[in-house]
J.: 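The following block contains the structure, expressed as structure tokens.
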Amino acid sequence: MADVEASAALYQRVFGPIGLREAMRFPAGDSVVVGMAGPDGNPDFWLSSAGGAETRELHVAFRAPGRDAVDAVHAAAVEAGVEVLHAPREWPEYHPGYYAVFLRDPDGHNVEAVHHG
């Protein structure tokens with residue numbers, strides 16, 4: 001991440017509707033490492049400074065408990081000025097009931113909130 005603090009704040013704001021929150025942090029050189037957790041409280045998603053120039057796009061998907069949560073992530077992203085790659089809809093080419101929104105994070109990565117209905 002180019003700016004861990006900014007990314008952590010944005011992830012919490014946008015993905016807060018599905019329960020994503022900061023669970024822990026610790027110093028790392030001139031920056032920090034932030035562990036993000038879902039509703040279970042376990043830090044499973046980690047943000048840290050990039051060791052060099054990022055040269056490829058990552059795709060990360062967060063499970064949402066329902067379509068309304070996916071829609072709430074979309075609304076939070078729009079309110080925060082985040083680039084929406086694909087507004088919420090069903091993606092039957094993945095599987096029936098796959099309902100997701102796709103966004104661009106501050107480092108250019110494709111992040112998604114998905115409900116597997």
Side-chain angles (χ1 to χ4, degrees):
M1 315 252 73
D3 184 337
V4 175
E5 297 281 358
S7 290
L10 186 79
Y11 272 88
Q12 286 187 98
R13 180 176 178 186
V14 172
F15 291 96
I18 60 170
L20 191 68
R21 64 177 178 75
E22 182 177 319
M24 64 187 325
R25 71 171 47 216
F26 56 88
D30 294 336
S31 186
V32 293
V33 173
V34 177
M36 307 292 288
D40 66 3
N42 295 318
D44 296 322
F45 182 65
W46 295 87
L47 303 173
S48 64
S49 293
E54 294 190 50
T55 58
R56 62 184 174 165
E57 176 183 331
L58 299 176
H59 180 175
V60 178
F62 296 104
R63 186 178 302 256
R67 287 178 177 227
D68 57 339
V70 172
D71 293 340
V73 167
H74 177 247
V78 169
E79 182 178 303
V82 171
E83 179 185 357
V84 176
L85 299 172
H86 303 288
R89 70 172 178 89
E90 191 162 331
W91 298 83
E93 58 269 35
Y94 298 145
H95 67 70
Y98 193 108
Y99 186 79
V101 61
F102 296 83
L103 311 169
R104 183 80 61 204
D105 84 356
D107 290 291
H109 302 303
N110 180 347
V111 292
E112 159 187 9
V114 58
H115 174 65
H116 298 281

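Not measured: the values here are computed from a predicted model.
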J.: Taking all non-hydrogen atoms of both residues into account, name the closest pair between V114 and A61 and its distance.
T.: CG1-CB, 4.3 Å
J.: According to side chain to side chain donor-acceptor pair (under 3.5 Å), does anything in residues 108-117 pair up with another residue at least two apart or in another chain? List the pairs.
T.: E54-H109, H59-E112, H95-H116, Y98-E112
J.: Considering residues at least two apart in sequence or located in another chain, which fulfil the ring-ring contact (aromatic ring centres under 6.0 Å, His included) criterion with W91?
T.: H86, Y94, F102
J.: Keeping to residues at least two apart or across chains, list the side chain to side chain donor-acceptor pair (under 3.5 Å) pairs with something in residues 66-78.
T.: R67-E90, D71-Y99
J.: Using the test side chain to side chain contact (heavy atoms under 4.5 Å, CB included), find all partners of A23 that sit at least two apart in sequence or belong to another chain.
T.: R21, A37, P43
J.: What side-chain donor-acceptor pairs closer than 3.5 Å can you find for residues 8-18, not counting sequence neighbours?
T.:
| residue | atom | partner | partner atom | Å |
| --- | --- | --- | --- | --- |
| Y11 | OH | D105 | OD2 | 2.7 |
| Q12 | OE1 | E22 | N | 3.0 |
| R13 | NH2 | E79 | OE2 | 3.4 |

J.: Under 4.5 Å between any side-chain heavy atoms of W46 and M24, yes or no?
T.: yes
J.: Identify whether V60 and V4 are in the same connected component of the hydrophobic contact network (ILVMFWY, side-chain heavy atoms under 4.5 Å).
T.: yes
J.: Surrounding CZ of R63 (heavy atoms of other residues, nucleotides or ligands, distance under 6.0 Å), is the total greater than 12?
T.: no
J.: Shared ILVMFWY cluster between V82 and V78, side chains joined below 4.5 angstrom?
T.: yes
J.: Listed by chain and number, what are the side chain to side chain contact (heavy atoms under 4.5 Å, CB included) partners of D40, not counting sequence neighbours?
T.: N42, D44
J.: State which residues pass side chain to side chain contact (heavy atoms under 4.5 Å, CB included) with S48; sequence neighbours excluded, sorted by chain then number.
T.: V33
